[in-house]
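Here is the structure we will look at.
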Amino acid sequence: MTGTLRTPQVPHEHGLDGPALLDAYRTMRTIRDFEERLHEEFATGDIPGFVHLYAGEEASAAGVCAHLDDDRDVIASTHRGHGHCIAKHVDVKSMMAEIYGRTTGACHGKGGSNQGTTLESLNLASVWQLPAVFVAENNVYAEATSAKWPVKSVVDGKP
């Protein structure tokens, strides 16, 4: 895994050009490698709390963040934010240290996530008239429950 990837590239008129495609692949591969390592590390029981893996959503983060300016644009993520951070060039070693709660982590070991901030963010961006882009990723899961595991409807009792 590497901590530094690339500067965002302007897309070719018919999609991404060769170097941009290679950068996107490297970003996606780095995200997947990080997530697989995190999955292994979490299984040891040494990571405090819980982790929500981002594996399978790499293309969303790589594609969106490839168009962001590293110095000007900021991101706010969710409880599945590892891929977003990697695609935005946060150092993977400091990310792993953060997950372990170490002071050398990206947020000095304080952890946390931005769960439940979507509606507040939409409202604040509107009130402050901010130039904002909101991206919704559908991984077919709520926080931990698959859409394939329906519960009975409160209206008609059917799944």
Donor-acceptor contact present, side-chain [X] to main-chain [Y], <3.5 Å:
X: Ser126; Y: Leu122; answer: no
X: Lys88; Y: Gly83; answer: no
X: Asp73; Y: Asp69; answer: yes
X: Glu58; Y: Gly56; answer: yes

So how far is it from [X] [atom1] to [Y] [atom2], rounded to the nearest 0.5 Å?
X: Glu98; Y: Thr103; atom1: CD; atom2: OG1; value: 9.5 Å
X: His89; Y: Leu68; atom1: NE2; atom2: CG; value: 9.5 Å
X: Glu57; Y: Asn139; atom1: CD; atom2: CG; value: 4.0 Å
X: Arg102; Y: Ser94; atom1: CZ; atom2: OG; value: 12.5 Å
X: Asp91; Y: Ile86; atom1: CG; atom2: CD1; value: 10.0 Å
X: Ile47; Y: Glu40; atom1: CD1; atom2: CD; value: 10.5 Å

Hphob cluster co-occupancy, [X] + [Y], side-chain heavy atoms under 4.5 angstrom:
X: Val90; Y: Leu38; value: yes
X: Phe50; Y: Tyr100; value: yes
X: Met28; Y: Val64; value: no

Check [X] against [Y] and note the closest heavy-atom contact, atom names and distance.
X: Ile99; Y: His82; value: CD1-NE2, 3.8 Å
X: Asp17; Y: Ala20; value: OD1-N, 3.0 Å
X: Arg80; Y: Leu53; value: NH1-O, 3.1 Å
X: Ala55; Y: Arg32; value: CB-NE, 3.8 Å
X: Ala24; Y: Ala62; value: O-CB, 4.0 Å

Taking only distance into account, with no hydrogens and no angle test, what donor-acceptor pairs under 3.5 Å do side-chain atoms of residues 129-137 form with protein atoms, sequence neighbours excluded?
residue: Glu137; atom: OE1; partner: His84; partner atom: NE2; Å: 2.8
residue: Glu137; atom: OE2; partner: Tyr54; partner atom: OH; Å: 2.4
residue: Glu137; atom: OE2; partner: Ser60; partner atom: OG; Å: 3.4

Item checked: SB check Arg37 Glu41 (cutoff 4.0 Å) ->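 A salt bridge links Arg37 with Glu41.
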
Check: Which residues satisfy the side chain to side chain contact (heavy atoms under 4.5 Å, CB included) test with Tyr25, sequence neighbours excluded?
Finding: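 Only Arg29 meet the side chain to side chain contact (heavy atoms under 4.5 Å, CB included) criterion with Tyr25.
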
Check: Do Met96 and Phe34 have side chains that get closer than 4.5 Å, going by heavy atoms?
Finding: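 Answer yes - side chains close enough.
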
